[in-house]
Amino acid sequence: MEPFIYWFREGDGPHSDPVATNNPKRRVKMETRGRFRLLRDPSDNDCSLSIRDARMSDTGVYYFRVERDDVKYSYRDKKLNLQVTAPPWKPYILFPEPLEAGRPTKLTCTLSLASGEGHPLLFSWVGEAVDIMNPDTLHSSELTLTPRPQDHGTNLTCGVTLQGSQVTLETTVRLNVSYAPRLVTMRISQESLTDLNGTSLPILEGQFLRLVCVADSNPPAMLSWLWEGKALSPSHRSAPGVLEIPRVGVGDGGEVTCQAQHPLGSQQVSFSLSVQKSPPPCSCETEEQQGSWPLVLTLIRGALMGAGFLLTYGLTWTYYTRCGGH
């Protein structure tokens, strides 16, 4: 009689469902059915186990049991320690770089399997750039993406599942999206939140003025300054978006423009600089000094009058004192 061979997962008893057996009357575990099987004829004393489409969940310890007539024995000292690791293959995402905002681009996810592997592949795409897309279009190896400026710098992941093995392989790329300037602002300083575009800025003659121009684009736009249509040199070559006027003159008034030039398109913003003359210098100190002279003269006049009164009184007293004595 041919012996019955059973392979069990450690922790399962002889009455549990085995992962593989040659006994047609015994039911095997659902998760291993069709994947775990005896490799050769047990009558030849060969109890080898064959496993295909291994899954990460198959990792564990297994033992086999032999039953023939009245002989029943579990070989718990001859265990199979199975460790399932992720395959060394990795998918790749192929697409032209950089991506251009607003232009549909085809991205392809590929996976090169080892020779002889014939697993059906299931694809999936995940990322902020595809969140607004129809989910039905995200299960193919090819993806047509129309990137947006806000997709720049976000991650896009392609997942490939080997059907039957429950193993999913992933690869992630960071999107580099090129886009024209979509927001150009001019401010009095880097910290200011007030955009000067289309406004009129009054300033007193002689004051210091620092203007900052910022453009949101990728790659960064080339910034330049114009005054009444004439090109101005930036204050610092390393910071072309900064324009400084140490002392604003009356002749500096007019339209000031910042241009943001980009291969995909350019923008410019302008404002009107209104220079007001400074008030004349205060002459209060001079008037105060001049106004103090009448006070001095009055004091001198009072002193002279007092002295004259005392002199007249003294002479009169002396006269009457002497004359009255005779």
Side-chain angles (χ1 to χ4, degrees), residues 1-94 107-126 135-136 138-143 156-173:
M1 180 180 176
E2 182 183 76
F4 291 130
I5 306 298
Y6 305 89
W7 278 92
F8 294 97
R9 192 160 191 163
E10 189 174 58
D12 294 341
H15 300 291
S16 302
D17 291 340
V19 296
T21 182
N22 64 333
N23 185 351
K25 297 182 180 181
R26 287 291 297 270
R27 183 178 61 182
V28 298
K29 286 183 176 295
M30 180 65 67
E31 60 267 26
T32 60
R33 187 176 302 172
R35 299 188 301 113
F36 286 46
R37 64 182 182 86
L38 298 179
L39 186 61
R40 296 184 176 87
D41 188 358
S43 59
D44 295 334
N45 297 322
D46 192 336
C47 304
S48 300
L49 177 67
S50 171
I51 301 175
R52 68 180 182 85
D53 296 335
R55 303 173 181 175
M56 301 292 287
S57 58
D58 295 333
T59 297
V61 178
Y62 300 84
Y63 69 93
F64 70 94
R65 177 181 174 84
V66 178
E67 294 182 358
R68 172 184 286 177
D69 298 329
D70 295 334
V71 179
K72 300 178 180 180
Y73 185 76
S74 297
Y75 289 84
R76 295 183 177 271
D77 58 335
K78 299 183 182 298
K79 298 178 180 180
L80 167 65
N81 192 345
L82 177 63
Q83 183 70 35
V84 181
T85 59
W89 319 304
K90 184 178 180 180
Y92 295 92
I93 300 178
L94 305 176
L107 291 77
T108 304
C109 186
T110 62
L111 176 64
S112 299
L113 297 176
S115 172
E117 297 288 345
H119 298 279
L121 304 179
L122 301 178
F123 292 86
S124 62
W125 297 87
V126 178
D136 296 337
L138 304 180
H139 299 288
S140 171
S141 61
E142 293 186 350
L143 174 71
L156 179 64
T157 300
C158 171
V160 182
T161 302
L162 281 63
Q163 193 172 6
S165 68
Q166 303 297 314
V167 175
T168 299
L169 307 174
E170 294 183 344
T171 188
T172 300
V173 295

Within this structure, what is the [atom1]-[atom2] distance for the pair [X] and [Y], rounded to the nearest 0.5 Å?
X      : Y      : atom1 : atom2 : result
Ser141 : Leu94  : OG    : CG    : 10.5 Å
Glu31  : Phe36  : CD    : CZ    : 8.5 Å
Glu10  : Leu82  : CD    : CG    : 13.0 Å
Cys158 : Glu170 : SG    : CD    : 8.5 Å
Leu156 : Leu107 : CG    : CG    : 6.5 Å

Is there a side-chain contact between [X] and [Y] in this structure, where contact means two heavy atoms from C-beta onward sitting under 4.5 Å apart?
X      : Y      : value
Thr157 : Thr171 : no
Arg27  : Arg33  : yes
Val160 : Cys109 : yes

[X] to [Y] - nearest heavy-atom pair and separation:
X      : Y      : value
Leu111 : Pro91  : CD1-N, 3.7 Å
Leu49  : Ala20  : CD1-CB, 3.7 Å
Asn81  : Val61  : OD1-CG2, 4.1 Å
Asp53  : Arg35  : O-NH1, 2.9 Å
Pro3   : Asn22  : O-ND2, 3.0 Å
Glu142 : Thr108 : CG-OG1, 4.0 Å

Which of these passes ring-ring contact (aromatic ring centres under 6.0 Å, His included) with Phe8: Phe64, Tyr75, Tyr63, Tyr62?
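Among Phe64, Tyr75, Tyr63, Tyr62, the one meeting ring-ring contact (aromatic ring centres under 6.0 Å, His included) with Phe8 is Tyr63.
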Under the 6.0 Å and 45° cation-pi test, does Arg65 pair with Tyr6?
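Judged by the rule (NZ or CZ under 6.0 Å from the ring centre, within 45° of its axis), Arg65 is not positioned above Tyr6.
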Which one of Lys78, Arg76, Lys72 satisfies the side-chain contact (heavy atoms from CB on, under 4.5 Å) criterion with Ser74?
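Of the listed residues Lys78, Arg76, Lys72, the side-chain contact (heavy atoms from CB on, under 4.5 Å) partner of Ser74 is Arg76.
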Keeping the roles fixed (side chain from [X], backbone from [Y]), state whether a donor-acceptor pair exists under 3.5 Å.
X      : Y      : result
Asp46  : Ser48  : yes
Arg55  : Thr32  : no
Thr161 : Thr168 : no
Trp125 : Pro135 : no

What I want to check is whether the side chains of Asn23 and Thr21 have a donor and an acceptor closer together than 3.5 Å.
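Judged by distance alone, the side chains do not pair up.
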Should Asp12 and Lys29 be marked as a side-chain contact (heavy atoms from CB on, under 4.5 Å) after you check the CA-CA gap, both sets of side-chain angles, and the distance that decides it?
CA-CA 11 Å; Asp12 294 341; Lys29 286 183 176 295; 3.1 Å; yes
More than 12 heavy atoms of other residues, nucleotides or ligands under 6.0 Å from CG of Asp77: yes or no?
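Yes - once you tally the heavy atoms of other residues, nucleotides and ligands closer than 6.0 Å, there are more than 12.
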Between Arg26 and Asp17, is the closest basic N to carboxylate O distance under 4.0 Å?
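No, no charged N to carboxylate O under 4.0 Å.
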With side-chain contact (heavy atoms from CB on, under 4.5 Å) as the test, would you mind laying out the steps for Val19 and Trp7 before giving the verdict?
CA-CA 6 Å; Val19 296; Trp7 278 92; 3.7 Å; yes
